[in-house]
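So the structure is just underneath, and the comments pick up after that.
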There are 2 protein chains.
Amino acid sequence: MVKKVSLKDIALKIGVSTALVSYVLSGNEEKGRVGKETAEKIRQVAKELNYQPNHIAKSLKTGKTNTIGLIVADISNPFFASIARAVEDESGKYGLTTIIGSSDESPEKLKNLVEVFIKRQVDGFIISPPDHSEETIEYIISLGIPICLIDRHFDHVKSSYVVTDNKESMQKAVSHLLGMGYKNLAFIAYNSTLQHMKDREQGFLDATSEIYSQVYKINFSKQHDELASTIEVILNEQKADAIVFATNTLSVAGLKYLTQHKVKIPQDLNVMCFDFSEVYDFFYHPIIHVKQPIEQLAKESVTILFNQMKEEHLQQLVLNSELITKTRVMV
Amino acid sequence: MVKKVSLKDIALKIGVSTALVSYVLSGNEEKGRVGKETAEKIRQVAKELNYQPNHIAKSLKTGKTNTIGLIVADISNPFFASIARAVEDESGKYGLTTIIGSSDESPEKLKNLVEVFIKRQVDGFIISPPDHSEETIEYIISLGIPICLIDRHFDHVKSSYVVTDNKESMQKAVSHLLGMGYKNLAFIAYNSTLQHMKDREQGFLDATSEIYSQVYKINFSKQHDELASTIEVILNEQKADAIVFATNTLSVAGLKYLTQHKVKIPQDLNVMCFDFSEVYDFFYHPIIHVKQPIEQLAKESVTILFNQMKEEHLQQLVLNSELITKTRVMV
DNA sequence: ACAATTAGCTTAATCGATTAAAGCAAATTT
DNA sequence: AAATTTGCTTTAATCGATTAAGCTAATTGT
């Protein structure tokens with residue numbers, strides 16, 4: 001391992017103090033009132049020796065690590081993977097490094113991850129919180145650590161967040177379905193107290209006040225079985241003409257179930273999905289879905305967090321989503 | 001922000017030196033030869049004050065950050081997202097934190113990421129290297145930084161790695177196709193000098209020596225157009241009865257193209273894919289594919305890297321994959 | 001001409017933990 | 001009784017950068 005060049009090496013070589021070198025290289029010449037020639041010389045030698053500042057020493061002194069913690073439900077879920085990718089790219093632009101964790105929708109796991117990340121002294125958090133994790137979020141806030149929630153938030157927790165306009169998106173999307181002539185809708189969502197889930201449900205209810213519809217909620221932990229039995233009920237008892245799925249996992253799992261049970265979409269039953277999935281491209285007919293602005297969500301969350309790390313102000317952002325009714329054209 | 005508790009606070013409270021506290025809390029009692037009572041007292045007060053050691057100070061002193069850098073082609077690609085998830089989980093068990101980067105298959109981006117991560121003083125790397133990135137890998141090695149390649153490696157670069165037995169997997173899989181009666185095969189791979197790609201091609205060639213077959217290579221950067229035209233050629237000119245795809249991106253993109261062009265699988269043409277994808281579940285007939293042991297690859301890479309961080313020895317590991325010929329049963 | 005300012009640079013403390021070396025009793029050996 | 005060992009603990013240097021405070025000589029003001 002080659003020995004690292006430190007401020008001291010530069011200082012020694014030129015014959016000045018490390019203080020001067022620090023002033024110049026951290027861009028505080030005026031503050032240190034460094035002479036022009038000396039400054040030039042320092043910069044030159046620094047380049048010559050290929051000086052790389054030691055992040056860790058800097059962190060120890062300044063208390064800032066320039067690292068942020070991103071915690072999502074599951075990084076192997078394409079939705080969150082896309083968020084992670086965009087957060088990673090965006091935070092890089094600000095000189096921030098991102099460490100990632102998956103909560104598996106468990107408040108306990110979230111708490112553990114948060115503790116690990118705090119020990120690592122992250123400067124801020126971007127979190128897509130699981131159900132019943134208010135305490136941990138409030139704990140972070142109480143420590144004065146900047147945080148920006150993403151995709152989900154708690155109405156009664158005072159924090160920054162970036163979310164989609166879930167209620168309006170859902171309402172518009174379902175209205176579109178009604179406009180197509182469907183009259184007996186089923187809505188499948190997770191059993192959750194999270195605001196985004198409640199909003200999506202409300203959007204569905206607002207849009208379906210004049211027709212027959214049913215809302216089904218399934219538990220995240222037993223979703224496989226419950227989804228299957230729910231769809232059975234919808235097909236055999238409710239005899240709905242379209243199903244609205246509230247999330248991307250539900251959408252994909254639902255489509256899979258329908259496909260494997262030879263239910264033709266949209267002939268036998270139509271669907272309305274939330275979030276984009278690659279699998280939509282494998283249907284001959286377009287899968288109507290609400291496309292959240294994932295990249296924008298991620299980028300804005302980084303920006304909001306970054307601002308919050310400098311100044312002390314919260315920001316809430318609600319972004320519009322897009323209703324996709326046609327298959328992308330294959331060029 | 002609540003003031004952090006340091007060694008000093010504990011020392012002060014008890015009336016001992018910070019050295020003693022450090023010895024006890026870092027588990028070096030014997031080394032410091034600390035008295036039993038004192039040690040107990042220190043532990044007690046540490047718990048009382050909820051002492052959390054300062055990672056950064058420790059890193060500065062020890063030169064170890066307990067952080068590893070994971071660089072894959074694209075974290076939003078499900079294959080790499082799964083790897084990332086498993087690496088994250090596994091490294092957590094060793095007390096390591098993972099920072100992730102996406103190279104987008106570009107050697108320049110890789111180099112930049114590596115530089116950023118080195119500045120961050122990661123203790124080691126797990127990298128799925130893009131084509132033509134030998135230099136950067138060798139650079140890391142020359143710095144004495146532990147590294148374990150994953151999924152891909154360079155035959156002529158002396159490093160640790162964990163890969164699948166690409167040649168054998170492919171050979172077995174293609175033989176299976178032949179056993180099913182297919183006699184005119186097409187192989188679609190990326191144009192790449194990476195060993196795993198060459199191995200997969202060799203596996204294909206070894207298996208098809210007795211029948212008619214064609215190998216097509218497309219460029220990663222123009223894959224969309226080239227894949228389309230290649231499949232056209234396969235369908236219209238070669239008139240192959242089955243296509244073998246060399247990677248998961250090719251598999252999914254190929255299936256998508258075939259589906260959208262109403263090519264029935266397996267009636268009109270069968271396929272053999274590499275890696276699992278969620279989209280396979282949307283076909284009525286099973287999609288034959290080679291399933292790499294993703295989790296195991298990831299776990300082993302962490303273990304190998306961890307060992308390498310302690311002792312100075314390289315390790316190469318080749319794992320077996322599984323040939324999937326049936327659809328998973330939906331319970 | 002003499003005080004006040006300013007430009008240019010250094011000193012030294014600090015962040016928090018680690019660890020070799022040294023100190024000092026008490027206990028043991030010679 | 002002197003010498004050595006053992007047990008327990010402290011001292012102090014160190015990792016590398018930051019930054020308030022201090023110092024000196026040159027410059028400016030009146």
Side-chain angles (χ1 to χ4, degrees), chain A residues 1-43 45-46 49-67 95 118-121 123, chain B residues 1-43 45-46 49-67 95 118-121 123:
Chain A
M1 186 91 75
V2 190
K3 220 217 133 226
K4 285 283 234 153
V5 179
S6 71
L7 282 190
K8 207 172 167 186
D9 299 318
I10 300 178
L12 233 56
K13 176 143 186 177
I14 310 188
V16 294
S17 68
T18 61
L20 264 199
V21 180
S22 172
Y23 284 128
V24 172
L25 296 181
S26 53
N28 289 325
E29 269 175 73
E30 344 66 60
K31 213 169 169 190
R33 302 189 298 185
V34 186
K36 262 200 158 189
E37 288 176 34
T38 322
E40 203 36 61
K41 182 119 200 187
I42 288 172
R43 262 188 287 271
V45 173
L49 299 181
N50 187 30
Y51 168 72
Q52 305 285 11
N54 185 320
H55 261 280
I56 296 178
K58 186 171 182 172
S59 292
L60 180 58
K61 181 63 189 173
T62 62
K64 296 262 148 267
T65 54
N66 290 312
T67 301
I118 287 181
K119 275 189 201 160
R120 289 273 170 176
Q121 294 179 247
D123 292 339
Chain B
M1 185 91 78
V2 191
K3 221 216 130 227
K4 284 284 232 151
V5 179
S6 72
L7 282 189
K8 207 172 167 185
D9 299 319
I10 300 178
L12 232 58
K13 177 144 184 176
I14 310 187
V16 295
S17 69
T18 61
L20 264 198
V21 181
S22 172
Y23 284 130
V24 173
L25 297 182
S26 53
N28 290 327
E29 269 175 73
E30 344 64 62
K31 212 170 169 191
R33 302 191 300 179
V34 186
K36 261 200 160 190
E37 288 176 34
T38 322
E40 202 38 60
K41 181 118 200 187
I42 287 172
R43 262 188 288 272
V45 171
L49 299 182
N50 187 30
Y51 168 72
Q52 305 286 11
N54 185 321
H55 261 282
I56 297 180
K58 184 169 183 173
S59 292
L60 179 59
K61 179 65 190 176
T62 62
K64 295 262 148 268
T65 55
N66 290 312
T67 302
I118 288 181
K119 275 189 201 161
R120 289 274 170 175
Q121 294 178 247
D123 292 339

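These values consider heavy atoms only, across backbone and side chains, with no hydrogens, waters or symmetry-generated copies. Below, read A as the first sequence line, B as the second, and so on, with proteins coming before strands; counting in each chain starts at 1.
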Once you round it to whole Å, what is the distance between P of D:dT14 and CG of A:Leu60? 17 Å

With axes from five pairs an end, tell me the bend angle of the helix from C:dA1-D:dT30 to C:dT30-D:dA1, nearest 10°. 50°

Residues that A:Lys119 engages under side-chain contact (heavy atoms from CB on, under 4.5 Å), provided they are two or more places apart: B:Gln52, B:His55

Side chain to side chain donor-acceptor pair (under 3.5 Å) involving A:Thr18 - partner list, sequence neighbours excluded: none

Can a side chain N or O of A:Thr38 be found less than 4.0 Å away from OP1 or OP2 on C:dC9? yes

Side chain to side chain donor-acceptor pair (under 3.5 Å) filter on B:Thr38, not counting sequence neighbours, yields none

Touch class at under 4.0 angstrom, heavy-atom based, for A:Val21 against every strand present: nothing

Rounded to whole Å, the NZ-P distance (B:Lys64 to D:dT14) equals 21 Å

Sequence neighbours excluded, the answer for salt bridge (charged side-chain N to carboxylate O under 4.0 Å, His left out) partners of A:Lys13 is A:Glu48

Hits for side-chain contact (heavy atoms from CB on, under 4.5 Å) against A:Leu12, two or more places apart or cross-chain, chain-then-number order -> none

Over how many whole Å does the gap from A:Leu25 atom CG to D:dG16 atom P extend? 16 Å

Set of residues satisfying side-chain contact (heavy atoms from CB on, under 4.5 Å) with respect to B:Ala19, sequence neighbours excluded: B:Ser17, B:Tyr23

Enumerate the protein-to-nucleotides 17-24 of chain D contacts in which both atoms are nitrogen or oxygen and the separation is below 3.5 Å.
| residue | atom | partner | partner atom | Å |
| --- | --- | --- | --- | --- |
| D:dA17 | OP1 | A:Tyr51 | OH | 2.6 |
| D:dA17 | OP1 | A:Asn54 | N | 3.2 |
| D:dA17 | OP2 | A:Leu7 | N | 2.5 |
| D:dT18 | OP2 | A:Ser22 | OG | 2.9 |
| D:dA20 | N7 | A:Tyr23 | OH | 3.3 |
| D:dA20 | N6 | A:Tyr23 | OH | 3.3 |

CD1 of B:Ile14 versus C1' of D:dT10: gap in Å, rounded? 15 Å

Whole-Å distance between D:dC8 P and B:Lys41 NZ? 17 Å

Tell me, please, which residues at least two apart from A:Asp123 pass side chain to side chain donor-acceptor pair (under 3.5 Å). A:Thr65

If you define the side chain from C-beta out and look only at heavy atoms, does anything of A:Asp9 sit under 4.5 Å from A:Val45? no

